[in-house]
Amino acid sequence: MSNKWVYLFTEVGQVEQLTGSWDGVRSLLGGKGAGLFDMVRAGMPVPPGFTITTQACNAYFDAGKQLPEGLWDQVLAAMKATEQAAGKVFGDPTNPLLVSVRSGAKFSMPGMMDTVLNVGLNDQTLEGLAALSGNERFAYDAYRRLIQMFGRIVKGISGEKFEHILEKYKARTAGGKDTDLTVDHLKKVVTEYKSLYKKELGEDFPQDPYEQLRQAVQAVFQSWFGKRAVDYRNYNKIPHDLGTAVNVVTMVFGNMGDDSGTGVAFSRDPATGEKVLYGEYLFNAQGEDVVAGIRTPKKIKELAEENPRVYQEFVEIVDRLERHYREMQDMEFTIERGKLYMLQTRTGKRTVKAAVKIAVDMVHEGIITREEALQRIEPAQINQLLLPRFDDKAKKSGVLLARGLNASPGAATGIAIFDADTAEELGKAGKAVILVRTETNPDDVHGMLVAKGILTQRGGATSHAAVVARGLGKPCVAGCEAIRVDSEKKQFTADGKVIKEGDFISIDGTTGEVFEGKIATIVPNLAEEKELSELLAWADEIRARDVRPPYGSSPTKGLQVWANADYPRDARVAREFGAQGIGLCRTEHMFFEQERLPIVQQMILNASEAQAVLNRLARAEEELARRPDSKEAQKAVAEAKKAVRASAAVKAYQGALKKLLPFQRQDFEGIFEVMDGLPVIIRLIDPPLHEFLPSHESLLEQVTDLRARIDMAKRVTYRPRKGEKSLKQMQTELAEKEKLLHAVNAMREANPMLGLRGIRLGITYPGITEMQVRAIFEAACRQAKKGIVVKPEVMIPLTGHINELRVSQTALEKVARQVMEEQGVEVEYKFGTMIEVPRGALTAGQIAELAQFFSFGTNDLTQMTFGYSRDDAEGKFLLQYVENKILPDNPFQTLDREGVGQLVRLAVTEGRKTRPDLEIGICGEHGGDPSSIEFCHQNGLNYVSCSPYRVPVARLAAAQAALGAVVRDK
Ligand code: PEP
Ligand code: MG
């Protein structure tokens, strides 16, 4: 017996038995099919029909695009059963059954695959339909739609050619809309469509209904590998081997007169999450009229007045569906001569804001549990709620051009671009682009993917532009009828103004406003996001539970979330967002501030010479300590001291350090104050010193230029004009620049990232790190005296060998104790290191003898494990690697579990063997990435640390890791 490829809507039990789970049913029948089967079981009014399985689609491609054996016979049998249920006959001229042939994959891919409606109409059944409905116009309209869809989708005739004919006849009517076309117009349209079909293909439009059906089924299968569908799956990481099901459904007509209609509705508002029925409908129309945005539909609320009975029935069905699926539903319905039919229900796409509100509301309504609510939100997406929006003040001064529908929230500024290809090109080149279209269709998706926002002239809240934008989390203003888009001229007009391609515009998808020019944005406030705060509080509760099995001395509670913050203002944001500590304060960032950079440069330029003199004194003192009576040793010390006193370099070096100390102390005081009661990890200077100096190239250029100008000035009688430098001034400047160039030259390294940085720098120039530790402890002691609870943790970067830490940490701890003694205060503190050099990870057991904490610097650890330069790899080859699947992900974003992850695991295990209470965290970029957070949870880290704005994401991701289920893309 051949496989069973076809199931009637009434056979849901059989499919469940076969597949063993609802997920299995969805895999086999597709999401749309499964929804129809389920609705039939729940007693909903669904038009009769059947589903051809996704397996049949795969078998079709396996067999070189041939229908698999047995499929067609099963379709014929299912058609007989459908005829019986519908009380109509396929191809019967007096009582014709018509069907729709609809695609439907496991995961919703809205508008990405094809559907053919009105299959079964031909020159004979057309007459039957006209007689049956008593509406000849409707019958011809249905017929022209079939020829148009069949010609375009099944046969690949350009849709524009059909539209061109239709437009010609529309232009002959007074209203100019397709509803204004008369029967006679439509008869002529049908005749012209048929001629076009024949001209394009050299054959007649097929009159055999079964031939139409067979070809339509194959076309839907083919659309699985259509370009749009493939692009969409690539973007959404949906596998290509799932296949699409084909749903063959009895046609019911919303265009059978004024007691008929069609619509789409969401059980809750997909933009805000509000619990209100949200959607649109049109009387006397077919489904595509609503979504295509050709006619502007009515709000669903109006149905309550226009047809209260149907509205009430619909409201009850919606409520039942929501409770049945325990999810917000997106439904399509048709009213045929006063009778309501449900055509589709599926989990509704929504904005992140709505997703959070719906999840939280459903917990309060007793529909789902808190844990389920937490697992329903994609962590990376909640970032959107905290994304910038227009600054109110800036917005007030903005020039409002027009107002449209607030189809997808958020604000965006960018240049207006009028076609998807250019949008894609410029967007990929890093330009902020707003895609402006009359209305969008699936062929625009590639442009929408890269655009910052979308603006359309036509279409409602469920139009293609609106639905796709919401799914992508991009701002969209749709149905903005006040603008006139001219795609050919690449411009739009609004309010008497012309906006051309490349002009800046700003759109606010939350309010529907469109502005001329750029508008500044601000960052939203988490506290105002009530539902998100509540959800995150539930996430925190989960993390605080014993969610990890006891394993040695590993933590049993969930991950803590700390933040990377360099300044008190960052720390404040981090704390507001729920950070439980600072996991990385990069002190060198403070060195770059305008006021400090000249002092830092003075320190660097003198460091080498000064340190040599100071080292000589240190060695002499050590020798004297060994031989206190030695005259020679005493003399050496005296001479070394004299050299120190006489050294201009030492004076400049120590002078600079002295000036920097209060700056650093002040920064740390601010951070300790904000983080009162919480740990603060401060990392000592890390980057190579040349980063604080001008580049070698630019200095060389300046020196060469100055030399030439001086040379010239010497040869002629030089009289500087106003604003020009005198010869003397130029000579002084040259001397300074030459000195700087000399220093930069001396500091140059072939591989600075592998050179004198991190702990190596601290060992070479201990004066710098000693100053930093002094600043940290002076700040800590001062704040402790004020009653602030300080928990400083000093982090030494880039340790690769325990001996490095022996030298560095021992000396620095001495400074810490000395400061506390001077200040007369003891504060709780730790000294630890970053694990970011592979050798550091491999010898973590030894390193933990000294380090009281580890923090994985996975940026460097990834760089050094892969041997990829973190500064160059992405631009040169890495993104291509990811695109070509040589690597599954960008390892600088998502932790490479198999490689870098092994080093992390080893270091955790070995480190805790030596020091069971070792505190372990991560502060590389991966600390804010949900998949990496899951890895950290599973491998016994105490906390993850990420940038302040990712703290909410990390709180949710850590809770999901604790619940054992990170929500994936789907
Ligand atoms: C790291 O290497 O992961 C890290 C946090 O340090 P930085 O990025 O400053 O090198
Ligand atoms: Mg690093």
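One-based numbering, in listed order, for ligands and for the atoms of each.
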Answer side chain, backbone, both or neither: which part of L584 comes under 4.0 Å from ligand 1, heavy atoms only. side chain
Distance in Å, [X] [atom1] paired with [Y] [atom2], rounded so as to fall on 0.5 Å steps:
X: L693; Y: L597; atom1: CG; atom2: CG; answer: 8.0 Å
X: L526; Y: L385; atom1: CG; atom2: CG; answer: 9.0 Å
X: I759; Y: M795; atom1: CD1; atom2: CE; answer: 12.0 Å
X: D540; Y: R955; atom1: CG; atom2: CZ; answer: 4.0 Å
X: R586; Y: I681; atom1: CZ; atom2: CD1; answer: 12.5 Å

[X] heavy atoms, cut-off 4.0 Å: which ligand 1 atoms fall inside?
X: D860; value: 1 (C), 2 (O), 3 (O), 10 (O)
X: C923; value: 5 (C)
X: D686; value: 10 (O)
X: R870; value: 2 (O), 7 (P), 8 (O), 10 (O)
X: G857; value: 1 (C), 2 (O), 3 (O)
X: E836; value: 1 (C), 2 (O), 6 (O)

Please check: side-chain N/O of R870 versus main-chain N/O of N859, any donor-acceptor pairing under 3.5 Å? no
Using residues 899-911 as the side-chain source, report each donor-acceptor pair under 3.5 Å to any protein atom, sequence neighbours left out, with the distance given to one decimal.
| from | atom 1 | to | atom 2 | distance (Å) |
| --- | --- | --- | --- | --- |
| Q902 | NE2 | E898 | O | 3.3 |
| T909 | OG1 | R905 | O | 2.8 |
| E910 | OE2 | K913 | NZ | 3.0 |

Could you check whether any heavy atom of [X] sits closer than 4.0 Å to an atom of ligand 1, since that is the contact criterion I want to use?
X: R683; answer: yes
X: H926; answer: no
X: M834; answer: yes

When you check the gap from the basic side-chain N to the acidic O, do R817 and E813 get nearer than 4.0 Å?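 Yes, this pair counts.
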Over 60° means perpendicular and under 30° means parallel, so classify the ring planes of Y868 and F877, tilted if in between. perpendicular
Throw together a table of side-chain donor-acceptor distances under 3.5 angstrom for residues 920-927, partners on residues two or more places apart or in other chains.
| from | atom 1 | to | atom 2 | distance (Å) |
| --- | --- | --- | --- | --- |
| H926 | ND1 | T858 | OG1 | 2.8 |
| H926 | NE2 | P891 | O | 2.7 |

Modelled atom types, side-chain donor and acceptor of E609 and Y653, under 3.5 Å: no
So, is N859 polar-close to ligand 1, with some N/O to N/O distance under 3.5 Å?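 Such a contact does occur with ligand 1.
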Which residues pass the side chain to side chain donor-acceptor pair (under 3.5 Å) test with D566, sequence neighbours left out?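 Once residues adjacent in sequence are excluded, the partners of D566 under the side chain to side chain donor-acceptor pair (under 3.5 Å) criterion are H589.
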Determine how many protein N/O/S atoms sit closer than 2.8 Å to the Mg ion (ligand 2), leaving waters out since they are not shown.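 There are 2 of them.
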Which heavy atom of the protein is the closest neighbour of atom 9 (O) of ligand 1, given with residue, atom name and distance? R586 NE, 2.8 Å
